[in-house]
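Below: the structure, in structure tokens.
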Amino acid sequence: MRSSSKQRNVLIISRDSTRSVNELDLNYVIENGRRYCGSYYMPNDDDEQVRLQLINQVYLKTFDGELTSVPLEAPTHILDIGTGVGEWAIDMAELYPDCEVTGTDIANIFERRVPRNVFWEIDDAEIEWERPPNHYDLVHLRDLAGSFADWQSIYRYAFDCIKPGGWIEVLDFDDHKGMSNLHSLFEPNSLVCKVTNDLVEAALMHGRPHGVAHLEPRFLVNAGYVDVQLTEHAIPLKTDDGSTGKFWLLAMLNGAESVCLRLLTKYKGWDPEEVRLACDLIGQEMMAMALKPQKSKGFVVKVRVLKGRKPGLLPRWSRGPSREPSQLMQQKLMEMLEDTEGESSQPTDNESGYLSMPSEMKSGIQSASLGSSFEQGRPNRTQTVSGTTESTGCS
């Protein structure tokens with residue numbers, strides 16, 4: 001979560017505090033029956049908190065209970081930006097009891113019963129960060145698509161406060177292919193296609209486009225990170241009890257209105273009830289698709305994970321080269337990079353990877369990023385993963 005206010009006003013809630021924050025200080029607004037904070041497009045009321053809890057379960061199931069994909073060894077400080085209710089931060093604090101875990105958000109919806117090494121801060125991440133340099137082992141951002149106007153600034157702010165050898169990890173959903181298949185069931189002038197197209201335009205008018213454009217590996221490389229890697233994890237749309245796809249479907253059914261309501265009413269002049277009707281129709285079709293295996297095969301949802309390391313101490317990371325490559329290898333790498341200039345390939349439904357040049361190579365050849373597939377059984381190949389905002393298929 002974030003807000004449009006550009007005055008820094010950080011409120012730190014102590015780890016053992018039970019006091020509440022004055023709601024008026026947080027610039028809460030009630031619109032069309034939903035509660036918002038500042039100009040942020042997503043609500044923060046009870047219904048939205050339920051969606052956040054469902055999304056947390058989707059991530060846990062996708063990664064088999066693992067909380068992060070970066071190698072951490074005895075971390076001392078972790079920062080979670082846009083923490084929401086703070087479930088990930090709490091889990092990390094329990095996993096690393098000697099580590100101070102700080103969760104920040106613009107809204108005071110934090111869980112109150114937390115481990116003693118958890119700290120909550122009300123803060124706007126779009127304002128230049130005033131955090132100690134070289135301090136955090138990990139800066140974590142999750143499910144924040146459409147939250148920031150300038151993601152590259154966010155990556156630079158994080159770089160400054162990450163300690164040498166520390167990591168940034170950014171996660172978000174990519175449901176473009178699945179939603180395109182869903183929209184193909186409707187006529188181009190249907191209400192469902194209209195809400196989808198208008199939502200894209202409204203997000204642009206808001207100055208914070210949706211999609212996964214922010215998960216562009218070169219953004220991290222340009223900010224100074226090394227060992228940059230982008231991976232994808234497919235989520236099948238299933239309704240089996242306990243399945244990852246079922247939790248994602250429940251989150252979508254519960255959150256369609258949250259995503260659409262403020263943007264469409266404020267920027268495209270929609271009537272609130274018309275938005276709710278369109279969201280109900282989308283939910284009905286998604287449920288019908290999920291119940292029919294033949295149709296659900298075409299609905300692809302992916303979790304994209306982008307991570308990078310601040311140069312410094314090189315951790316034990318099996319996927320990253322650990323020694324100076326030969327002159328022949330350097331030449332081959334440069335040829336591969338030249339071949340991918342301007343390429344906009346689409347990754348498969350399976351896991352794909354993108355790895356920047358390790359720091360040892362940057363002194364010998366130009367700073368660039370190398371795409372590669374890491375899935376066992378598939379030949380490695382250079383792959384630039386495009387992170388541009390894509391059309392929905394409705395026109």
* Does the side chain to side chain contact (heavy atoms under 4.5 Å, CB included) test come out yes or no for D143 and D172, once each step is laid out? -> CA-CA 5 Å; D143 206 34; D172 250 306; 3.6 Å; yes
* To do: Take E126 and R208, measure what salt bridge (charged side-chain N to carboxylate O under 4.0 Å, His left out) needs, and give me the verdict at the end.
  => CA-CA 12 Å; E126 283 202 304; R208 294 163 180 85; 3.0 Å; yes
* To do: List the steps, then state whether side chain to side chain contact (heavy atoms under 4.5 Å, CB included) holds for V139 with W129.
  => CA-CA 13 Å; V139 173; W129 297 9; 4.2 Å; yes
* Quick one: do R34 and E257 satisfy salt bridge (charged side-chain N to carboxylate O under 4.0 Å, His left out)? Show the steps, please. => CA-CA 10 Å; R34 305 299 299 266; E257 179 185 306; 3.0 Å; yes
* Test E274 against L191 for side chain to side chain contact (heavy atoms under 4.5 Å, CB included), laying out the working first. => CA-CA 9 Å; E274 192 176 21; L191 183 62; 3.9 Å; yes
* Tell me, with the steps shown, if V305 and E169 meet side chain to side chain contact (heavy atoms under 4.5 Å, CB included). => CA-CA 7 Å; V305 183; E169 185 179 40; 3.8 Å; yes
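The two atoms that bring I162 and K310 nearest to each other are O-NZ, 2.8 Å, heavy atoms only. When all heavy atoms are compared, the tightest approach of L204 to P209 is CD2-CB, 3.6 Å. When all heavy atoms of I81 and A125 are compared, the pair lying nearest together is CG2-CB, 3.7 Å. Nearest heavy atoms, A93 versus V118: CB-CG2, 3.2 Å. The heavy-atom pair separating I106 from D124 by the smallest distance is CG2-CA, 4.0 Å. A pairwise comparison of heavy atoms in P164 and G312 identifies CB-CA, 4.0 Å as the closest pair.
For the pair R262 and Y36, the cation-pi criterion (under 6.0 Å, within 45° of the ring axis) is fulfilled.
Here the side chains of R35 and I109 are in contact, with some heavy-atom distance below 4.5 Å. Residues T76 and D98 are not in side-chain contact: their nearest non-hydrogen atoms beyond the backbone lie 4.5 Å or more apart. The shortest side-chain heavy-atom distance between V303 and F173 falls under the 4.5 Å cut-off. With contacts defined as side-chain heavy-atom distances shorter than 4.5 Å, the pair V50/D46 does not qualify. R131 has its side chain within reach of T104: a pair of non-hydrogen atoms, C-beta onward, lies under 4.5 Å apart. For the pair E87 and L52, the minimum side-chain heavy-atom distance is 4.5 Å or more. Looking at heavy atoms from C-beta onward, L72 lies in side-chain contact with I78 at the 4.5 angstrom threshold. W151 has its side chain within reach of L141: a pair of non-hydrogen atoms, C-beta onward, lies under 4.5 Å apart.
In this structure, CG in D160 is found 15.5 Å from OH in Y155, a value given to the nearest 0.5 Å. Atoms SG and CD, on C161 and E130 in that order, are 12.5 Å from each other to the nearest 0.5 Å. Rounded to the nearest 0.5 Å, atoms CD1 (I90) and CG (L67) are 11.5 Å apart. To the nearest 0.5 Å, atom CZ of residue F63 and atom CG of residue L171 are 5.5 Å apart. With rounding to the nearest 0.5 angstrom, the CZ atom of F148 is 8.0 Å from the OH atom of Y40. Rounded to the nearest 0.5 Å, atoms CG (N197) and CG (N189) are 11.0 Å apart.
For residues 253-290, every residue pair satisfying the ring-ring contact (aromatic ring centres under 6.0 Å, His included) rule, not counting sequence neighbours, is listed here: H206-Y267.
At least one donor-acceptor pair under 3.5 Å links the side chain of N254 to the backbone N or O of D47. Listed for the N44 side chain is no donor-acceptor partner under 3.5 Å among the backbone atoms of A107.
Hydrophobic clustering of Ile, Leu, Val, Met, Phe, Trp and Tyr side chains at less than 4.5 Å, counting indirect connections, keeps V29 apart from I122.
Ring orientation note: the planes of H77 and Y136 are nearly perpendicular, at an angle over 60° on the 30°/60° scale. Taking the six-membered ring where the residue is Trp, F110 and W120 present parallel rings, their angle staying beneath 30° rather than reaching 60°. The aromatic rings of Y41 and H210 sit tilted relative to each other, their planes meeting at an angle between 30° and 60°.
Under 3.5 Å, the side chains of T102 and E121 contain no donor-acceptor pair of N or O atoms. Side-chain contact of R142 with N56: a donor-acceptor pair under 3.5 Å is present, judged by distance alone.
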